[in-house]
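Lettering follows sequence order; numbering is per chain, from 1.
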Number of protein chains: 2
Amino acid sequence: MSERLPPLTALRAFDAAARHMSFAKAAEELNVTPAALSFQIKSLEEHLGAPLFRRLNRAVELTEAGMALAPGAKDGFRALSAAWQQTRRVLDTTSLTVTAGPALTAKWLAPRLYDFARSHPEIDLRFSATLRNVDLQRDGVDVAIRFGYGSDEGLVSLPARAEWLTPVMTPDLCAQFPTPESLRAAPLIYDDSISFLSPPCDWPAWFKAMGLEFTPGSGTHFSNADHAIDAACAGLGVALGRRPMIIKDVQEGRLVAPFKTAIETEARFRFLCLPASAERPQIKAFREWFFAEIEKTAHMWDDFDIIPVQTL
Amino acid sequence: MSERLPPLTALRAFDAAARHMSFAKAAEELNVTPAALSFQIKSLEEHLGAPLFRRLNRAVELTEAGMALAPGAKDGFRALSAAWQQTRRVLDTTSLTVTAGPALTAKWLAPRLYDFARSHPEIDLRFSATLRNVDLQRDGVDVAIRFGYGSDEGLVSLPARAEWLTPVMTPDLCAQFPTPESLRAAPLIYDDSISFLSPPCDWPAWFKAMGLEFTPGSGTHFSNADHAIDAACAGLGVALGRRPMIIKDVQEGRLVAPFKTAIETEARFRFLCLPASAERPQIKAFREWFFAEIEKTAHMWDDFDIIPVQTL
DNA sequence: TCTTCACACAAGTAATACTTAATTGAAGGC
DNA sequence: GCCTTCAATTAAGTATTACTTGTGTGAAGA
């Protein structure tokens with residue numbers, strides 16, 4: 001093995017050409033003329049002592065050697081590029097991009113974010129509500145708040161408080177169904193966004209926790225947790241609401257949570273960021289605000305019986 | 001984020017400097033003068049708009065930004081380097097480096113390799129017997145033959161025939177201990193190199209397979225399988241031998257395997273190579289020879305009862 | 001205090017990368 | 001079958017980048 005590495009510009013030219021399978025497109029990506037790119041590839045092939053591309057009529061294809069080089073080159077440059085982007089981001093102490101699911105955004109984050117923005121006017125806050133599990137590195141997102149059991153390989157992952165569910169409804173509806181037993185006759189609202197939980201955290205689980213027989217009947221299903229809660233606010237029925245989703249509506253009297261029993265799941269919200277970003281000032285500020293904000297309302301549920309769903 | 005990537009030579013200079021934490025040593029690695037390297041780092045810092053190193057009296061240390069960049073840069077260049085080396089190796093159709101454990105080498109491979117070398121005179125064969133699990137990519141090894149249950153992430157892994165164990169001893173000793181029952185009084189040889197197997201494949205397991213009571217007494221222990229077999233050849237006692245380890249000595253009459261019952265483990269020998277190497281001619285030739293060689297002697301054990309150890 | 005060590009700077013030079021412009025060679029429309 | 005178009009190549013000239021030599025600076029250690 002003569003040397004550790006060939007000329008890097010030539011290698012980058014090869015990477016672009018292999019990804020596009022076209023010298024012209026690769027040249028465009030690198031902002032050079034096709035001639036320059038052709039020359040780079042040629043010089044790399046001379047360096048190696050064998051062709052990397054087979055030149056066809058109006059296309060190119062990789063040789064054996066090219067096929068051996070292409071994936072590693074792609075990975076290598078991707079790693080370098082990611083590292084560089086991350087370095088640029090570390091230097092940026094003003095902007096902060098946060099992503100979270102639509103339900104948490106609507107019911108918990110959005111009403112509170114104004115408070116954060118006001119106490120940190122130097123931070124340029126950008127927000128992206130999506131269900132898609134974004135790639136922090138690739139998508140230029142600094143912080144993600146995600147719900148689930150969490151397998152956050154390679155990320156800093158800080159779990160929030162335990163998550164549990166309790167029935168909520170309008171005060172009017174509560175007058176009609178004042179007891180857990182009577183609830184079985186009430187119109188029930190199902191939140192399908194947490195149907196992935198195992199063991200399940202749904203109406204059957206809650207009734208079981210109360211020691212009540214329950215045969216699932218019909219009910220209204222919503223794919224988003226915030227829609228389920230909104231439906232409950234509108235008096236459509238009784239929803240099984242998660243702590244962060246119901247807190248605002250309960251505080252402001254639109255909903256009541258009359259039965260002081262909740263079922264707890266092991267799934268939680270987690271605060272996620274890249275390790276290299278964990279101590280950046282704006283991220284530290286957001287993290288501290290986020291967890292402080294959760295603690296602020298923790299006392300509200302002191303009189304609840306919390307029953308872990310896996311013990312049912 | 002202005003551009004995708006900074007000048008690559010500058011980035012490589014940074015990588016070397018960060019790995020050595022010294023501009024002088026980095027310059028030496030890249031075969032340039034310290035001045036050139038210093039200039040490269042400076043240009044990279046200008047590109048970024050912030051310093052990457054903090055210049056101390058007679059040392060340098062990474063800044064926040066430098067610490068963000070260094071690991072990614074290291075990974076990136078390592079990936080590129082590995083890809084390049086692999087590409088060079090793909091072009092080499094003459095040399096072949098094989099590694100295996102000392103026991104398989106002594107008892108199975110070494111006696112047969114001459115045959116392979118003779119029928120492939122064009123291949124420059126290099127052999128490395130070690131227990132260490134070498135990294136094919138890093139250590140420039142083309143093929144590894146390893147024993148175990150196999151978790152060969154990222155490698156082409158071809159399992160050999162099922163592996164089983166049966167008692168072997170010298171003919172003289174066999175006259176003294178002609179039956180499985182009598183074996184309990186015989187001097188037993190233990191091969192500790194397979195003590196990691198689960199469920200265990202040792203003397204208690206074999207006697208259990210025979211339906212015999214057995215209380216483990218003393219015995220001679222060897223850390224290498226080949227030493228255990230050698231001891232059996234010397235008449236020291238009865239060893240529980242694996243198929244590839246005993247075949248030569250049984251064929252040539254030094255040992256006999258009188259009890260036609262063997263215990264089978266799920267662990268096997270695997271033929272391992274890098275995916276990019278799988279179709280290189282010399283590796284293909286070696287692979288085909290290896291598996292054909294195993295088949296050659298498969299008939300020898302046709303009259304054996306093979307009892308999977310996990311059913312015991 | 002003097003020496004040594006590690007890096008920085010400046011000027012000049014060597015090497016490399018890139019552009020423009022013309023060329024080849026084959027596919028596809030007419 | 002001819003012409004057009006497309007993709008890559010080649011050659012010559014130019015711009016840019018990378019490197020060397022030589023000198024300078026500041027601090028640690030003898």
Side-chain angles (χ1 to χ4, degrees), chain A residues 2-63 65-66 69-70 73 77 80 84, chain B residues 2-63 65-66 69-70 73 77 80 84:
Chain A
S2 49
E3 323 111 85
R4 274 173 35 82
L5 273 178
L8 291 169
T9 40
L11 199 54
R12 183 176 41 178
F14 168 79
D15 173 48
R19 277 186 288 104
H20 291 116
M21 285 310 278
S22 154
F23 287 15
K25 289 210 188 97
E28 195 182 345
E29 178 187 308
L30 300 176
N31 294 311
V32 297
T33 56
L37 198 120
S38 170
F39 184 79
Q40 293 289 1
I41 303 277
K42 200 184 153 196
S43 90
L44 190 65
E45 289 176 327
E46 263 168 32
H47 217 89
L48 181 65
L52 289 160
F53 283 100
R54 207 166 292 120
R55 275 76 166 174
L56 305 178
N57 25 34
R58 50 202 304 161
V60 288
E61 66 178 35
L62 288 165
T63 61
L69 183 55
F77 284 111
L80 292 181
W84 184 248
Chain B
S2 48
E3 323 111 85
R4 276 173 34 84
L5 272 177
L8 291 169
T9 39
L11 199 54
R12 183 175 42 178
F14 168 80
D15 173 48
R19 278 186 287 104
H20 291 116
M21 287 309 281
S22 153
F23 288 14
K25 289 207 189 100
E28 196 182 345
E29 178 185 310
L30 300 175
N31 293 311
V32 297
T33 56
L37 198 121
S38 171
F39 185 80
Q40 291 289 1
I41 302 278
K42 199 184 153 196
S43 90
L44 190 66
E45 289 175 329
E46 263 167 32
H47 218 87
L48 182 65
L52 290 161
F53 284 100
R54 207 167 293 119
R55 275 75 165 175
L56 304 179
N57 25 36
R58 50 202 304 161
V60 288
E61 66 178 37
L62 289 166
T63 62
L69 183 55
F77 283 110
L80 292 180
W84 185 247

Using a 4.0 Å heavy-atom cut-off across all strands, classify [X] as base, sugar-phosphate, or nothing.
X        : answer
Ala35(A) : base
Ala36(A) : base
Ser22(B) : sugar-phosphate
Thr9(A)  : sugar-phosphate

Quick one: [X] [atom1] to [N] [atom2], roughly how many Å, whole number?
X        : N       : atom1 : atom2 : value
Met21(A) : dC6(D)  : CE    : P     : 20 Å
Leu11(B) : dA18(D) : CG    : P     : 12 Å
Leu56(B) : dC5(C)  : CG    : C1'   : 14 Å
Phe53(A) : dA7(D)  : CZ    : C1'   : 13 Å
Arg12(A) : dT17(D) : CZ    : P     : 12 Å
Leu30(A) : dT19(C) : CG    : P     : 10 Å
Leu52(A) : dA8(D)  : CG    : P     : 15 Å
Lys25(A) : dC6(D)  : NZ    : P     : 13 Å

Examine [N]: is either OP1 or OP2 under 4.0 Å from a nitrogen or oxygen in the side chain of [X]? Give yes or no.
X        : N       : value
Thr33(B) : dC19(D) : no
Lys42(B) : dC9(C)  : yes
Arg55(A) : dT9(D)  : yes

Any chance you could measure [X], atom [atom1], to [Y], atom [atom2], to the nearest 0.5 Å?
X        : Y        : atom1 : atom2 : value
Leu48(A) : Leu11(A) : CG    : CG    : 10.5 Å
Thr33(A) : Phe39(A) : OG1   : CZ    : 11.5 Å
Arg12(B) : Leu30(B) : CZ    : CG    : 6.0 Å

**Prompt:** Considering residues, nucleotides and ligands other than Glu28(A), do more than 12 of their heavy atoms fall under 6.0 Å from its CD?
**Reply:** no
**Request:** Among dA17(C), dC7(C), dA8(D), find the nucleotide with the atom closest to the side chain of Phe23(B).
**Result:**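 Nearest nucleotide to the side chain: dC7(C).
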**Message:** Reading DNA chain C from 5' onward, which residue's closest nucleotide shows up sooner: Leu37(B) or Val32(A)?
**Reply:** Leu37(B)
**Prompt:** Just by modelled atom types, is the Leu52(B) backbone N or O under 3.5 Å from a matching donor or acceptor in the Glu45(B) side chain?
**Reply:** yes
**Message:** I want to confirm an ordering. Mapping Ala59(A) and Phe39(A) to their closest nucleotides on DNA chain D, which one lands closer to the 5' end?
**Reply:**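 Looking at DNA chain D, the more 5' nearest nucleotide goes with Ala59(A).
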